[in-house]
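Fair warning: this is a prediction, and the values are worked out from it, not measured in the lab. Computed over heavy atoms, backbone and side chain alike; hydrogens, waters and symmetry mates excluded.
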Amino acid sequence: MARLAEQFVCVRIQAMNGVNINVFRFDYDLTWMAFFMNADEYIYARYGGREDHDAESHLNKESLLRTMKEVLELHRQGGVRQPDDKAAPAKRVPEDLPVMREIIPRRPQGCIHCHDVKGAELIQARREKRLRKEMVFIYPPPSTLGVELDAVDQRLIRRVLARSPAERAGLRAGDAVLVVNGQAVLTFGDITHQLSLVPDPGQVKLTIQREKKTIEIVLTLPAGWKRSRDPSWRETLHLVGPGAGFWGSTLSPQQKRQLGLAENALAISVQAVYGPHAQQAGIRNGDVVIELDGLREDMTIRQLHAHLHLNRQWGDTVTVTVLRQHQRIPLRLPLPASPPPVE
Amino acid sequence: MLRRCGIVSCVVLSWAMTAFGQGPKPTPVEGKIRWVYDYEEGKRLARQSGKPMFVVLRCER
């Protein structure tokens, strides 16, 4: 890796302060992203991104080395392969976002995190009354098409999910995605970037290599296609809807059995009640939440919050059932009437 | 008095640089890869050497 890296100028950006977000445009809920580019900011490849289930689903040494070699070859050929990146866009930095001026003084050393950029954009949208919950899903992972990409050869489709847009369009396991809407792609990050530009609902045209043939396939994507299955890892979710006001951890199967709960039952042990609304509802440390807003299946505390952020509005009231000293206690949880100020 | 004014000026200047674009100082990471922590310097080196750039964005604070 280090020997290959010597063939590049390796730049490490540790905070978003002063970064041109018109060039370094990516899913700002991520904590790691890489760009391969030339000195004129022509982008050869984007490396990074994830599927919901695993932060490192498509980050590994093999795929990074593979991408570095392919980029070196592109650079040697002098080819710029992504027409949308031919003209370097005008400089725009996070500090230009009006809300960012309120965020920066709250950060140690004034450090702007990646998720602060998305957060500032969402808060600004809210203030301008154009915020939609779907804005959380700007960068849809390829699984939203119904394909599972190989972790190393990231253009290769490993699996096509049943009843998905990909299956309906005729994609198959073993197909390799070469081009997305006219843009050549090398990586999972490239594909995700191109998908971010597709409207919702919309269509996406893929050029596929199948055995020795090159074919074009158009996928029709229904309304809401960008919403992925489990976005609970996203740092900015709390900006689009209310949260539960408490934190806790999922009980183990053994702990559930001891309480007479099924293994797949919701069972979250409350460890901190920080929201005045949750305190007002009567939720206490040590309670075990076994139902919330009609949900009774097993989930993590992050997934529970994600459900509320994405499906409930500020000021809604939801039901909660807790187990307290072996008694089932139904409660009503009034969610905050308005979002918190900038955090 | 002058010394106190100097300290206050430094604090204000430091705050102003942080608040308006200069950003926090980089924290060098250990390892075999030689990183450049200034993007504009990276572009200059890339132009000078003819090498492509490998730019990593990683919140490390």
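- Put simply, the side chain of H75(A) gets close to the backbone of G50(B): a donor and an acceptor are under 3.5 Å apart.
- K25(B) NZ to Q109(A) CD: the interatomic distance, rounded to the nearest 0.5 Å, is 9.5 Å.
- Without hydrogens or angle criteria, K51(B) side chain to E6(A) main chain gives a donor-acceptor distance under 3.5 Å.
- A pairwise comparison of heavy atoms in M37(A) and V55(B) identifies SD-CG2, 3.7 Å as the closest pair.
- Once rounded to the nearest 0.5 Å, the distance linking CZ of F54(B) with CG of L64(A) reads 5.0 Å.
- For M68(A), the part lying near chain B is the side chain, with the backbone staying farther off; criterion is any non-hydrogen pair under 4.5 Å.
- Heavy atoms only, all atoms of each residue included: C114(A) and C59(B) are closest at N-SG, 3.2 Å.
- Note that the CE atom of M1(A) and the NZ atom of K32(B) stand 11.5 Å from one another [nearest 0.5 Å].
- E30(B) pairs by the side chain to side chain contact (heavy atoms under 4.5 Å, CB included) definition with nothing, not counting sequence neighbours.
- For T192(A), there are no side chain to side chain donor-acceptor pair (under 3.5 Å) partners at least two apart in sequence or on another chain.
- If you measure heavy-atom distances from F24(A) to chain B, the contacts under 4.5 Å come from the side chain alone.
- Taken to the nearest 0.5 Å, the CG atom of D40(A) stands 8.5 Å off from the NZ atom of K43(B).
- If you take OG1 on T31(A) and CG on L57(B), they are separated by 11.0 Å, rounding to the nearest 0.5 Å.
- In terms of heavy-atom proximity, V11(A) sits nearest to G42(B) at CG2-CA, 3.8 Å.
- With a 4.5 Å cut-off on non-hydrogen atoms, L30(A) does not touch chain B at all.
- You'll find the side chain of V56(B) stays beyond 4.5 Å of the side chain of C10(A), heavy atoms only.
- The heavy-atom pair separating A2(A) from I33(B) by the smallest distance is CA-CG1, 4.4 Å.
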